[in-house]
Amino acid sequence: MNQSTTPSPNSSGLRQAQSPFTLAASGRMPEERVNDCHLALTKFIVKGLHPFATVESNCFRDMCRALNPKYTPPSRSYVSDTLIPSWYGVEKANVISELKDVPKLAITSDGWTSLRQDHYLTVTVHYTSQGSVKQKVLHTRPVYKSQTGEVVAEEISDILEEFEIEPIKIVAVTVDNAGNMDVAIKKLQILKIGCFAHTLNLAAQKIYKIASIDKWAARIRAVVVWFKRSSMSKTVLTEKQNLLGLPQHSLILDVKTRWNSLYLMIERFMEQYPAIQAAALDPRLRKALSKDNLDRVKDEDFHKAEEFVQLMKILYTSTLCVSCEKNATCGQILPILQKLEDHFTVKDEDTMFVASIKEKVWENLSQRYQNDDIQAFLHEATAMDPRFKGRTVSDATWDRLRKKAVDSDTVTGPAGLEHTDTEHQQKEESSEGESVEMETIPSLHKTRSALEELFSEEDRKLRLTIQQNTSALTLSERVDLEVELYKSLPPITMAEDPVMWWWEKRAILPLLTNVATSYLCAQASSTPSERVFSTAGNTLSQESCTSDGTATVSVRLRGNKIKTPPSLST
């Protein structure tokens, strides 16, 4: 090593090493390494929701120089105009390729207006794969036309066409209850499921129309507003919380367009009521309270708050249930509605305060999901959810499911699943020394338990026996057999995953498994689209958004699992 660094002055190698061109080249990073650094930087910006200007800040460049002196971070424009679009192009191709193999899927869509009064439309897609619900953000597109039903339908159709999604594969679309969305989905000829979370919100907002309840809520709201606007009141409230051993939580102010905020305001008020009372009696606040003529909340108001929280908690919990996009939620709608009907039925022992709330809420909820097609779809979704299969299901529902199983192209799907099991078994046998000619395929199985490993041969024979017994039956008879077998199986608990349940039963219920995928992917609420807008609110800022709306691309990238592109420098 020392000899190579101190050669003879007459050496041609020294002259070559000391030339300006070779000296410059020795300080460069290999192109592959530059691409790796560009990729890491792009991930940092996109996934962390950092402004594009970050890459041009002195502190960021000093950090990069300290980590690797040979790496020069790209400019802001190069990140927004080259790196992120390049990454997005690769991810888009990955999504299109993945969705081609999906037989059935569902979508959600919603619109949003940013603080800059720019309007955006988002479409997300949902499907099942190997025992889990998958989600992709297809597009968060800026739109510049008046959002009439016809325009929204055209925009959604363009997005579906861009990602090569055939309308026949879409089982349902979940949107809010806006009029333009109704027109758009009818024009697209796709089954529309009204967002259940939005439906609950609309029903709960009806309580604001009850004069006595609105006045009661206004008294509590006035106290909350007073405590939030005064720095001294916050200090005194914190002192009382410490003395009384209460959590140091801030009071919550409701927003009428979000009913959950009213429930959360009242719930937090009840939690902090002793501290609020003690703070109101403190000499440092008593004079200010009297000066503002603020009516103190009476014990009667507190009792009403207790009744309100006890009554409305079920709506809050129901909203949380249907707002999870990583689980099958469509089959929950009818069971939840039945539970809500029982809960909001007026009883003799109810006070006028409680009875008025029950009547107003259920009057609105009872008018929802009355369309025959939607009713049929929801009943079928409930029947195909093994958590609710023990409930009463009409014969008409089972007849429709049988017909769908017969009419659908179910022959190749189940055969493929059974063939996979056989190949998996053959692969295991070949690993033990037996030579088997077979095509290598990715494993579709979880790690097997010790019991499954011990009795693997018995399981294989059982699958073959079932296959032989059913092969002699007609398709209709096989469907009837599977329906009876499915009905005889016990329901699963709410903690278990229905999508995984069906995945594990695909060998013994192959025909119904294909039908079940049409319902397991459907979403009960449009919250997946709304969550994209929560991300967009942090991304579409003055610092991070360019004139061509490149930040929108970063929102879409952040919503999907991204595979590494071959190069980001081109």
Side-chain angles (χ1 to χ4, degrees), residues 42 46-47 49 80-81 83-100 102 105-114 116 118-127 133-167 169-176 178 180-181 184-185 187-188 190 192 195 325 521-523 525-540 544-563 565:
T42 309
V46 172
K47 294 293 186 178
L49 298 179
S80 62
D81 299 339
L83 294 183
I84 290 181
S86 174
W87 198 10
Y88 173 73
V90 173
E91 169 60 9
K92 180 180 176 181
N94 292 336
V95 171
I96 291 174
S97 177
E98 185 174 346
L99 293 179
K100 280 185 178 179
V102 176
L105 51 82
I107 63 173
T108 73
S109 182
D110 199 8
W112 172 72
T113 303
S114 70
R116 297 172 55 182
D118 296 324
H119 193 74
Y120 295 85
L121 178 76
T122 278
V123 175
T124 67
V125 63
H126 307 261
Y127 56 97
V133 177
K134 304 292 185 181
Q135 172 191 331
K136 299 290 183 183
V137 180
L138 294 184
H139 225 305
T140 301
R141 169 182 291 184
V143 292
Y144 306 102
K145 297 181 181 179
S146 177
Q147 292 296 280
T148 62
E150 290 76 8
V151 171
V152 174
E154 183 179 352
E155 291 165 350
I156 295 176
S157 181
D158 289 344
I159 293 174
L160 296 177
E161 184 177 350
E162 181 181 350
F163 284 83
E164 301 178 14
I165 296 177
E166 301 173 6
K169 295 170 63 173
I170 303 175
V171 296
V173 54
T174 306
V175 294
D176 61 24
N180 62 337
M181 283 295 183
I185 304 309
K187 188 173 181 63
L188 292 172
I190 304 174
K192 176 210 163 189
C195 174
E325 68 266 24
C521 62
Q523 297 295 300
S525 73
S526 59
T527 49
S529 299
E530 296 175 7
R531 288 193 176 106
V532 174
F533 294 137
S534 297
T535 301
N538 295 327
T539 305
L540 300 174
S544 62
C545 187
T546 59
S547 59
D548 62 351
T550 310
T552 307
V553 175
S554 70
V555 173
R556 297 197 296 272
L557 283 171
R558 188 178 184 274
N560 295 327
K561 181 179 179 182
I562 304 170
K563 298 181 181 178

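Each residue takes its place number in the sequence, starting with 1. No experiment lies behind these values; they were computed from the predicted model shown.
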Heavy atoms of other groups near K92 NZ, more than 12 under 6.0 Å: yes
Close side-chain approach of E150 and E155, heavy atoms under 4.5 Å: no
Donor-acceptor side-chain pairing of T148 and S146 below 3.5 angstrom: no
Spatial distance of atom CG (D118) from atom CH2 (W112) [nearest 0.5 Å]: 8.5 Å
Close side-chain approach of V46 and W87, heavy atoms under 4.5 Å: yes
Side chain to side chain, V175 and C195, heavy atoms closer than 4.5 Å: no
Distance, nearest 0.5 Å, that separates OG of S109 from NE2 of H139: 12.0 Å
Where K187 and A153 come nearest, the two heavy atoms and their spacing: CD-CB, 3.8 Å
Main-chain N/O of A106 paired with K169 side-chain donor or acceptor, under 3.5 Å: no
Heavy-atom pair with the smallest gap, counting every atom of I165 and L138: CD1-CD1, 3.7 Å
Atom pair CG/NZ of L99 and K136 - distance to nearest 0.5 Å: 8.0 Å
Donor-acceptor under 3.5 Å (N180 side chain, Q147 main chain): yes
Distance-only donor-acceptor check, side chains Q523 and Q135, under 3.5 Å: no
Any side-chain donor near an acceptor of the partner, T108 and T174, under 3.5 Å: no
L160 side chain reached by P167 side chain, heavy atoms, under 4.5 Å: no
Close side-chain approach of T122 to D110, heavy-atom, < 4.5 Å: no
R141 side, atom CZ; L121 side, atom CG - distance, nearest 0.5 Å: 8.0 Å
Stepwise side-chain contact (heavy atoms from CB on, under 4.5 Å) test for M181 and V152: CA-CA 7 Å; M181 283 295 183; V152 174; 4.0 Å; yes
Any side-chain heavy-atom pair of T42 and I84 under 4.5 Å: yes
From E154 atom CD to E161 atom CD, the distance as rounded to the nearest 0.5 Å: 10.5 Å
F163 CZ to E98 CD distance, which is reported to the nearest 0.5 Å: 12.0 Å
Closest contact, heavy atoms only, D81 versus P85: O-CG, 3.5 Å
